[in-house]
Amino acid sequence: MINQIGQVMLYVDDVLVCRDFWINHLGFKLIKDEMMGPIRAIEVAPKETQTSFVLMNKEIVQSMSPELDFGTPSIMFYATNIEQLYKDFKQKGITVGELVTMPMGKVFNFSDPEGHYFAVLEK
């Protein structure tokens, strides 16, 4: 029986730039940075979660496994004090969308340095 999501693969053009974004701008922790043959796999995660992202070079993985889906998954993060988080993201120069109130709560989206978009919902 499946009981949790372990890792989400994010295929990116520059794993080092994306690693620095997730760690230095969003405050994620570095779990692992290793070579898996020709592929550098960098695992990052929010400080208090079991699910992590593994950043991998899209071009290298695509050459080895062209049948994979290399699109960025739609990911919704949950946060508290979303208005302060929104201000912090803007101050750090992170590209953010408008902070809006939806029936489910306040939400905004943001992008990494490569233009992959993610959403944050206040819970």
Side-chain angles (χ1 to χ4, degrees):
M1 175 190 267
I2 296 174
N3 59 15
Q4 77 177 35
I5 297 172
Q7 298 176 327
V8 176
M9 307 311 208
L10 294 180
Y11 301 109
V12 299
D13 296 320
D14 190 324
V15 294
L16 297 178
V17 167
C18 290
R19 176 200 63 194
D20 292 345
F21 171 78
W22 290 103
I23 293 171
N24 298 329
H25 287 85
L26 272 62
F28 280 38
K29 64 183 174 184
L30 176 65
I31 296 173
K32 199 182 306 180
D33 184 343
E34 65 184 358
M35 293 302 295
M36 296 172 27
I39 302 170
R40 186 171 190 169
I42 299 174
E43 186 176 0
V44 297
K47 295 192 188 307
E48 298 179 25
T49 187
Q50 295 178 343
T51 303
S52 62
F53 290 153
V54 178
L55 308 172
M56 299 180 122
N57 181 279
K58 182 180 356 182
E59 185 178 322
I60 295 171
V61 175
Q62 201 166 28
S63 71
M64 297 169 62
S65 299
E67 72 280 2
L68 296 179
D69 182 349
F70 292 94
T72 303
S74 294
I75 297 174
M76 173 78 74
F77 294 98
Y78 293 157
T80 57
N81 198 358
I82 197 165
E83 290 178 10
Q84 184 60 52
L85 182 65
Y86 184 76
K87 289 177 189 173
D88 291 347
F89 277 26
K90 287 179 80 170
Q91 287 176 348
K92 291 177 180 179
I94 297 171
T95 300
V96 295
E98 186 178 342
L99 176 62
V100 296
T101 301
M102 305 285 283
M104 62 200 172
K106 293 180 183 175
V107 65
F108 71 91
N109 63 24
F110 68 93
S111 73
D112 72 4
E114 295 186 357
H116 306 120
Y117 275 85
F118 306 91
V120 181
L121 174 67
E122 186 169 55
K123 278 279 189 179

Residues, nucleotides or ligands: over 12 heavy atoms within 6.0 Å of M35 CE: yes
Gap separating the CG atom of L30 from the CG atom of D20, nearest 0.5 angstrom: 10.0 Å
Drop me the distance from E122's CD to I82's CD1, to the nearest 0.5 angstrom. 5.5 Å
If the test is side-chain contact (heavy atoms from CB on, under 4.5 Å), which one of M56, R19, K32, E34 qualifies with I42? R19
Under the side chain to side chain contact (heavy atoms under 4.5 Å, CB included) test, which residues partner P38, sequence neighbours left out? I60, M64
Any residue meeting side chain to side chain contact (heavy atoms under 4.5 Å, CB included) with V8, in chain and number order, not counting sequence neighbours: I5, L10, T51, F53, P73, I75
Who pairs with Y11 by ring-ring contact (aromatic ring centres under 6.0 Å, His included), at least two apart in sequence or on another chain? F70
Residue pairs passing the ring-ring contact (aromatic ring centres under 6.0 Å, His included) test where at least one lies in residues 23-46, sequence neighbours excluded: F21-H25, W22-F28
Write out all pairs satisfying side chain to side chain donor-acceptor pair (under 3.5 Å) with one or both partners inside residues 37-49, taking only residues at least two apart or from two chains. Q7-E43, D33-R40, E43-S52
Pairs flagged by side chain to side chain donor-acceptor pair (under 3.5 Å) wherever residues 87-103 is involved - sequence neighbours left out: Q84-D88
Is it the case that one hydrophobic cluster holds both [X] and [Y], taking links as side-chain heavy atoms less than 4.5 Å apart, direct or via other members?
| X | Y | result |
| --- | --- | --- |
| L68 | M9 | yes |
| I94 | F108 | yes |
| F77 | V54 | no |
| I23 | L55 | yes |

Could you tell me whether a side-chain N or O of N109 sits under 3.5 Å from a main-chain N or O of F118, the two making a donor and an acceptor? no
Could you list all the salt bridge (charged side-chain N to carboxylate O under 4.0 Å, His left out) pairs where at least one residue sits in [range], not counting sequence neighbours?
| range | answer |
| --- | --- |
| residues 56-67 | none |
| residues 73-82 | none |
| residues 105-117 | E83-K106 |

Check D13 against N57 and note the closest heavy-atom contact, atom names and distance. O-ND2, 3.1 Å
Show which residues join M102 in its hydrophobic cluster (side-chain heavy-atom contacts under 4.5 Å, direct or indirect), or state none. M76, Y78, V100, M104, V107, L121
Could you list who else is in I31's hydrophobic cluster, with ILVMFWY side chains joined at under 4.5 Å, directly or through other members? none
Any non-hydrogen side-chain atom of Y86 less than 4.5 Å from a side-chain atom of V120? no
